[in-house]
Amino acid sequence: MKPRALVLTGFGINCDYETGFALSMPGVEMEVEKCHANDLVAEPDRLDHAHLFVIPGGFSYGDHLGSGRVLGNRLKTRVGEALSRFLADGKLVLGICNGFQVLVKMGLLPGGGPGRLDNWTQRATLFRNDSGRFEDRWVHLKVCEGHNSVFLQGIERLYLPVRHGEGKLVFGEGVYEELEANGQDVLRYSDPDGNPTCRYPDCPNGSEHSLAGLSDATGRVFGLMPHPEAFLFRTNHPRWTREELPEEGQGVAIFRNAAEYVRRELLGVGAAA
Amino acid sequence: MPHRVEVTTREGLVDPRGQSLVIRAREDHGIQLAQARVVDVYSIDLELDAETLEKVRLEVLSDPIAERSTGTGPILSGWDYWVEVGFRPGVTDNVGGTASEAIADLLGLPNAAERTVFTASAYALWGESLTRESVERLAHGMLANDLIEEVVIHSRNGGPQTPFKPRIPKVRLPENHRVQTYNLELEAKELEDLSRANTWALSLAEMHSIRDYFRRPEVREERNRRGLPVGATDVEVEVLAQTWSEHCKHKIFAANIGYTDEAGKSRRIENLFKATIKRTTEELAKTRDWLVSVFHDNAGAIRFTEDYHLTVKVETHNSPSALDPYGGALTGIVGVNRDPLGTGKGCRLLFNTDVFCFGPPDRKEELPPPLLHPRRIMRGVHRGVMDGANTSGIPDINGAVVFDERFSGKPLVFCGTGGLLPAVVNGEPGESKEVCPGDRIFMVGGRIGKDGIHGATFSSEALHSDSPATAVQIGDPITQRKVLDFLLEARDLGLYRTLTDNGAGGLSSSVGEMATHSGGARVHLDRAPLKYEGLAPWEIFLSEAQERMTVIVPPEMSERFSALAARRSVEASDLGEFTASGFLEVFFRERPVALLDLEFLHHGWPVMELPAKWTPPHHSEPAVPQTEDLTERLKSVLSRLNVCGKEPLVRMYDHEVQGGSVLKPFQGVHDEGPGDAAIVRPLLDRPDGVAVGCGIVPRYSDIDAAAMAENATDEAIRNLLAVGAPLDQVAALDNFCWPDPVPGPNNPDAEYKMAQLVRACEGLRRICLAYGVPLISGKDSMKNDCRIGEVKISIPPTLLVTAVAILPDIARAVSMEFKRPGDLIYVLGWTREELGASEYFAEFGGIGNRVPTVRVEESWPLYKALARATEARLVASCHDCSDGGLGVALAESAFASDLGATIHLDRVPLADPISRPDFILFSESPSRFVVTVARDSRDEFERLFAGLPHGFVGEVEERPVLEVRTKERLPLVMGEVGDFKRAWQAPFAHY
């Protein structure tokens with residue numbers, strides 16, 4: 001049995017093609033089902049068949065009223081129950097760029113706070129970049145020591161593009177300290193040598209603590225602003241015409257980690273052949 | 001009672017919008033602000049109790065972490081001025097629409113489509129030196145566009161600050177079902193007056209054709225039988241005026257032309273378009289089996305792989321962008337997206353391109369109204385295209401920005417889109433446009449308002465407080481994205497037969513056009529959903545409201561089609577059916593309001609006869625002082641607006657969504673060097689790529705529009721070659737933007753401009769035939785003049801050539817920057833003393849006469865050799881020489897790599913001796929490249945170029961210094977490559 005991923009579509013989500021492709025690449029090999037947000041709202045049980053729920057990048061509802069807010073509200077109120085069940089079953093959630101914004105606005109990331117882990121309280125936000133502009137540029141990322149993410153196992157550094165206008169992580173009172181203690185502060189913008197930095201443009205948005213990605217307390221929900229699905233091949237790299245690079249892009253590892261976790265922990269099989 | 005919610009950034013957080021306002025006020029308007037804060041204002045037209053309002057405010061309208069909000073009063077105090085900007089009634093308010101939907105969803109309201117929320121932006125300003133006058137200037141010159149927005153200004157000392165009221169700019173008009181009938185049996189002058197009064201833009205000859213049609217006995221009889229009046233209804237004349245418009249029928253290009261050359265010799269050209277552009281493609285098509293669909297559909301289509309075709313279209317949106325740069329450009333980009341979407345059975349959209357022509361942004365003087373300052377146009381257009389393209393999830397991969405004083409009167413905004421069409425859809429060819437009698441006419445997407453009726457001819461004076469702003473449309477990329485997703489899903493399920501977009505002329509144009517495929521159509525206008533009441537039937541038919549497609553659905557599929565639309569939150573309305581009656585029949589509430597013979601509708605217009613007279617202009621040769629050190633000259637040229645880098649603008653476009661990015665706009669060791677063309681990989685499981693390049697050189701028209709067109713075409717093809725594309729499958733698109741070439745009382749030099757057009761078309765044809773490049777699609781915009789009082793500003797005649805090439809393997813792509821120290825640097829192609837209309841001459845305020853000339857007998861063999869060299873992977877880097885010539889290309893190749901070079905100018909291949917080294921360095925002779933080759937590839941490379949102009953001019957060096965030497969080994973140019981880079985980046989470094 002193959003691990004199954006449910007990839008959300010509709011209302012301005014627009015990275016579903018390459019995200020779906022990444023999930024079906026050699027070594028990842030998940031079965032991909034694309035599901036329109038309206039269909040998921042109509043039948044939240046469709047989540048039950050999947051092991052990984054992915055909210056890809058894009059501009060859901062045009063970023064109106066703040067990126068991710070409207071879709072986040074909709075998922076929270078209409079799919080919340082099924083999603084709680086999904087999480088309780090030990091399954092995985094990945095939000096990329098706009099997907100990360102959705103997860104943060106609906107309170108799934110960083111999660112925690114008073115009550116249960118998935119109590120849907122927004123405790124951080126992704127806000128307008130300090131630069132005031134949308135930018136497409138490649139950034140260096142450092143996976144933080146002691147992180148809890150199942151998606152980042154075995155990865156130390158990444159080089160990926162960001163493409164957003166609202167990627168600045170801002171935390172509510174005391175939230176960051178709690179994340180740090182739990183290893184939920186998983187991914188930081190860094191300089192080319194791997195030292196985390198808040199300096200523009202290495203840190204493209206002014207994120208607090210130079211954070212680019214977060215986990216929930218279980219390490220099974222992961223959101224990040226950079227786009228792993230945009231670096232699947234050597235030829236995606238901005239300087240592939242001048243550097244010696246492996247065929248596989250660095251983004252693939254994140255999807256492979258998810259698939260392997262599902263195989264190992266949820267399907268009880270060994271790593272992919 | 002309506003409610004008002006105000007939201008602002010929490011204190012202690014950066015407010016980038018406020019900060020940028022302070023900077024722009026100072027830099028663009030010389031107004032000093034101590035502080036500015038932006039407040040989002042929502043007026044909610046719903047009865048809500050306090051608790052519900054609180055829920056809406058906190059869960060929908062604001063962010064609990066980064067923002068503060070109130071629902072009961074002003075959120076900020078202490079400001080010196082408060083400027084509030086809200087839309088006029090009927091102007092698209094995208095955020096308001098989403099907010100309405102989100103609130104309906106949260107509260108479980110029954111009618112989610114109803115507009116209940118209206119947005120405004122408020123600016124709280126602090127500054128000791130602010131005056132009412134300076135704030136007015138800021139408000140109308142920067143914060144608001146009076147055409148579409150209303151401004152309210154409050155000052156601290158302006159009286160009591162009671163809480164501001166909600167503002168509900170709903171359109172409130174009485175129902176309007178009136179259909180007017182026109183008697184066309186009038187005198188010539190009366191007919192002309194009638195045409196002008198109704199902004200039909202129909203000539204007297206055209207009015208006569210229409211009059212004669214309604215005189216025909218068989219027409220009278222048929223009308224009588226079907227209950228239509230003897231005279232023409234407003235619906236009928238409006239449809240004819242629209243269908244016969246220059247925009248839709250390209251009457252100038254279809255005209256017969258009497259061309260007289262400089263020797264006084266005359267010849268006649270029947271249908272300029274057919275005689276040049278179409279003929280070129282037809283001749284080339286005989287030996288090219290990869291042309292799938294050209295000139296017939298919304299976009300041209302060529303074969304890409306065995307399973308897919310590539311479709312491309314480029315459009316202009318000039319006038320709307322002049323009036324409302326943001327909305328006009330946004331509509332331009334989402335509008336051209338609908339062309340490939342509406343090609344064949346519908347395409348996935350692969351990429352966007354954008355090319356802009358503006359007046360210089362550093363212009364000192366303001367322009368008289370309604371002209372906006374070029375800087376404001378540039379900012380607005382850029383932001384519009386950025387928002388449109390990014391929000392739609394289509395990578396913006398290639399473009400250019402051109403500056404010339406004459407674009408201050410009318411900017412040019414070219415937007416292009418490529419799409420991927422399956423070769424076969426449910427067993428039928430993907431490019432099929434079949435329509436069968438009985439098929440249903442579905443309108444899908446946005447609703448109809450008075451948007452864009454009669455284009456941009458309405459002035460702002462025509463607007464009053466409750467009337468919709470019709471002149472300008474604002475695109476809604478998210479509605480369109482929903483439509484696109486839905487249609488591709490429906491396509492693959494086989495739920496429709498074919499489709500087309502609603503652009504110029506709206507339904508009248510899309511249905512009128514598709515009706516020719518079945519032989520007729522019957523439309524019921526009352527079945528079309530409206531944004532608001534008050535549209536007359538003809539307005540419903542002609543409205544250019546955005547985000548709408550017309551979809552042809554077999555009757556047996558209509559139920560499933562409607563059901564899927566509903567599941568995807570897309571509005572789809574059945575407006576009638578296609579027939580084989582030979583007529584376009586239009587009804588309103590079962591009453592016939594139009595009956596037009598399709599043959600007459602599409603072919604009844606009289607062909608124009610236009611004179612063209614070519615008199616070559618003569619300019620004085622500029623005085624260019626000689627100097628021994630050209631280092632500063634090179635920096636000046638690198639800093640020229642048409643040469644310099646625009647990276648900050650381009651970085652704001654998403655150029656890699658969809659995962660297929662292969663060559664990005666900026667290349668090299670720090671991703672800062674300007675690439676020649678982009679390459680994308682549309683299918684991630686295939687190695688095939690698409691390269692996209694463009695060429696545009698309006699200033700050469702000052703000498704000869706033929707040279708302008710030939711150089712633009714050569715540049716577009718050159719760009720593709722430079723990135724490693726092969727030549728066997730290259731296609732091009734032509735977009736002409738011209739000053740009016742039709743004689744008239746205010747147009748004394750029309751014959752000259754027509755001659756320029758003829759020469760440009762023939763130049764384009766000459767190059768395309770020589771290179772074997774068919775023209776697969778194009779467009780023209782022929783009235784790019786602007787009159788203010790006695791002054792007329794006309795654009796320089798401009799041809800944009802967009803070229804695409806299919807690469808069997810993306811791995812052969814070549815980027816522009818030097819790669820390794822020790823690589824050999826070659827200049828390919830002849831350099832001549834061709835500085836007429838060059839950037840170098842412009843630097844000295846002159847034009848000159850020796851315009852660069854494309855010599856295909858020289859360039860074509862060179863191009864074939866270069867394509868073989870890139871295929872054999874012999875080329876380490878390749879960069880096209882264009883604006884600013886060899887000097888610029890060398891500097892860019894070097895600074896993009898952080899490597900240096902010593903260039904021996906005497907080894908540059910010269911066709912004839914050139915006396916001055918600066919002329920060698922800055923001549924803009926076409927068909928040249930700077931190429932680097934690894935040392936061990938030298939022999940193989942030189943063998944390929946034996947007998948062709950190539951000069952080994954130097955080597956790439958570790959030391960990041962660019963040096964250019966004379967034959968006597970004297971340094972002409974000497975500088976750190978970083979200094980050249982900074983000069984090149986300077987003009988837009990702080991954009």
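Quick note on labels: first sequence line is chain A, next is B, and so on, each numbered from 1. Keep in mind that the numbers below use all heavy atoms, side chains included, and drop hydrogens, waters and symmetry copies. Every value quoted in this text rests on a predicted model; they were computed, and no experiment measured them.
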For chain A, which candidate among B:V14, B:N94, B:L663, B:T391 shows the most heavy-atom pairs at distances under 4.5 Å? B:T391
Contact origin within B:S62 toward chain A - heavy atom pairs under 4.5 Å: backbone
Where on A:F127 is there a heavy atom nearer than 4.5 Å to chain B: the side chain, the backbone, both, or neither? side chain
State whether a side-chain donor-acceptor pair under 3.5 Å links A:N205 with A:H164. yes
Max heavy-atom pairs within cutoff under 4.5 Å with chain A, candidates B:V662, B:I65, B:D485, B:V814, goes to B:I65
Which atoms of B:R651 approach chain A - backbone, side chain, both or neither, heavy atom under 4.5 Å: both
If we count only N and O atoms by modelled type, under 3.5 Å, do the side chains of A:N14 and B:Q658 hold a donor and an acceptor together? no
Could you verify whether a donor N or O on one side chain and an acceptor N or O on the other, from B:Q667 and B:S815, lie under 3.5 Å apart? no
Under 4.5 Å from any heavy atom of chain B - which part of A:N236: both
Heavy-atom proximity to chain A below 4.5 Å, by part of B:E67: side chain
What part of A:A37 is in contact with chain B, defined as an atom under 4.5 angstrom from a non-hydrogen atom: side chain, backbone, both or neither? neither
If one checks every heavy atom of A:F231 against chain B at 4.5 Å, the contacting part turns out to be neither
Just how far is it from atom CG of A:L75 to atom CD1 of A:I55, taken to the nearest 0.5 Å? 5.5 Å
Between A:N38 and A:R78, does any side-chain donor sit less than 3.5 Å from a side-chain acceptor? no
Taking every non-hydrogen pair under 4.5 Å, which of B:S877, B:G96, B:S20, B:G668 racks up the most with chain A? B:G668
Quick check on A:D63 against chain B: is it the side chain, the backbone, both or neither that has a heavy atom closer than 4.5 Å? neither
Whether A:H237 and A:Y159 hold their rings parallel, tilted or perpendicular, with breakpoints at 30° and 60°: tilted
Applying a strict 4.5 Å limit to non-hydrogen atoms, the region of B:Y42 in contact with chain A is side chain
Segment of B:D685 engaging chain A (4.5 angstrom heavy-atom cut-off): both
Exam field: side chain A:E18 to backbone A:E229, donor-acceptor pair closer than 3.5 Å: no
I'd like to know whether CD of B:E11 has more than 12 heavy-atom contacts from other residues, nucleotides or ligands below 6.0 angstrom. yes
Do the side chains of A:E208 and A:K168 get close enough for a salt bridge, i.e. N-O under 4.0 angstrom? no
Using non-hydrogen atoms and a 4.5 Å limit, figure out which bit of B:R681 sits close to chain A: side chain, backbone, both or neither. side chain
Interface moiety of B:S392 toward chain A, non-hydrogen atoms closer than 4.5 Å: backbone
salt_bridge(B:D809, B:R873) N-O dist < 4.0 Å: yes
Name the region of A:V70, side chain, backbone, both or neither, that has any atom closer than 4.5 Å to a heavy atom of chain B. side chain
Please confirm whether the backbone N or O of B:D654 pairs with a side-chain atom of B:N390, one donor and one acceptor, at under 3.5 Å? yes
Taking atom CD of A:E33 as the centre, report whether more than 12 heavy atoms of other residues, nucleotides or ligands fall under 6.0 Å from it. yes
Please report the interatomic distance CZ(A:F100) to CG(A:L224), rounded to the nearest 0.5 Å. 7.0 Å
Side chain, backbone, both or neither: which part of B:E101 has a non-hydrogen atom closer than 4.5 Å to chain A? side chain
Run B:D63 and B:V7 through side chain to side chain contact (heavy atoms under 4.5 Å, CB included) and show every step you take. CA-CA 9 Å; B:D63 186 284; B:V7 182; over 6 Å; no
What residue in B:K482, B:Q19, B:H655, B:R348 has the most heavy-atom pairs under 4.5 Å with chain A? B:H655
Answer with side chain, backbone, both or neither: which region of A:Y17 has an atom nearer than 4.5 Å to a non-hydrogen atom of chain B? side chain
Can you tell which of B:D15, B:L13, B:D40, B:L106 has the highest number of heavy-atom pairs within less than 4.5 Å of chain A? B:L13
Residue part contacting chain A, namely of B:L484, when any heavy atom lies under 4.5 Å: neither
Count the heavy-atom pairs under 4.5 Å between each of B:I679, B:V650, B:L61, B:V669 and chain A, then report the option with the highest count. B:V669
If we count only N and O atoms by modelled type, under 3.5 Å, do the side chains of B:R57 and B:S69 hold a donor and an acceptor together? yes
Using a 4.5 angstrom heavy-atom cutoff, name the option from A:R69, A:R137, A:R234 with the most pairs to chain B. A:R69
Interface moiety of A:F134 toward chain B, non-hydrogen atoms closer than 4.5 Å: both
With a 4.5 angstrom heavy-atom cut-off, is it the side chain or the backbone of B:K664 that approaches chain A, or both, or neither? side chain
